[in-house]
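Sequence positions, counted from 1, serve as the residue numbers for this chain.
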Amino acid sequence: VADAVLAAQQERQAQLDEEIEQAEAMPPVDETALGSDADYTAALAAGEALVFEPEPEEDEEEERRARARRAAEAAEEGSEYETPSEAE
């Protein structure tokens with residue numbers, strides 16, 4: 001049984017190594033050719049490797065800033081008031 005497990009692991013590792021080599025052999029994406037209305041399907045068909053990292057929506061970014069502002073204001077207010085134990 002142990003031999004079968006080791007053989008299966010070796011096969012899986014060999015497949016992973018082959019897939020990694022194939023991915024590394026792919027040409028890099030020519031980002032200058034990709035505009036905002038790029039046809040990603042055509043780029044993939046041409047053999048280009050694509051990476052998609054969505055940018056945060058404006059509303060999400062505004063919400064993050066508002067939360068940070070509120071947290072900073074709450075921290076300021078908390079430091080202005082001393083508890084009786086701190087005053088002694």
Side-chain angles (χ1 to χ4, degrees):
V1 175
D3 291 337
V5 170
L6 289 174
Q9 283 181 326
Q10 289 174 347
E11 286 179 33
R12 277 187 246 131
Q13 188 61 48
Q15 288 174 345
L16 287 173
D17 291 342
E18 184 179 331
E19 289 175 10
I20 290 171
E21 287 176 12
Q22 290 174 356
E24 289 175 347
M26 293 181 76
V29 175
D30 180 12
E31 292 184 20
T32 58
L34 299 175
S36 60
D37 296 330
D39 184 2
Y40 295 109
T41 306
L44 281 173
E48 294 187 30
L50 301 178
V51 176
F52 176 72
E53 294 179 14
E55 294 186 20
E57 295 290 328
E58 288 181 29
D59 293 342
E60 291 174 356
E61 187 64 29
E62 288 177 24
E63 179 61 30
R64 282 191 205 108
R65 289 183 185 147
R67 277 189 297 232
R69 231 182 352 261
R70 287 192 299 268
E73 290 170 0
E76 268 184 34
E77 286 178 14
S79 65
E80 289 177 7
Y81 300 106
E82 292 183 6
T83 60
S85 62
E86 292 174 346
E88 293 175 7

Just do the side-chain contact (heavy atoms from CB on, under 4.5 Å) check on Gln22 and Glu18 with the steps written out, would you? CA-CA 6 Å; Gln22 290 174 356; Glu18 184 179 331; 3.5 Å; yes

Does Glu63 pair with Arg70 as a salt bridge, N-O distance under 4.0 Å? yes

In Å and rounded to the nearest 0.5 Å, what is the CD to CD distance from Gln15 to Gln13? 10.0 Å

Taken in chain and number order and not counting sequence neighbours, the residues that satisfy side chain to side chain contact (heavy atoms under 4.5 Å, CB included) with Glu24 are Ile20

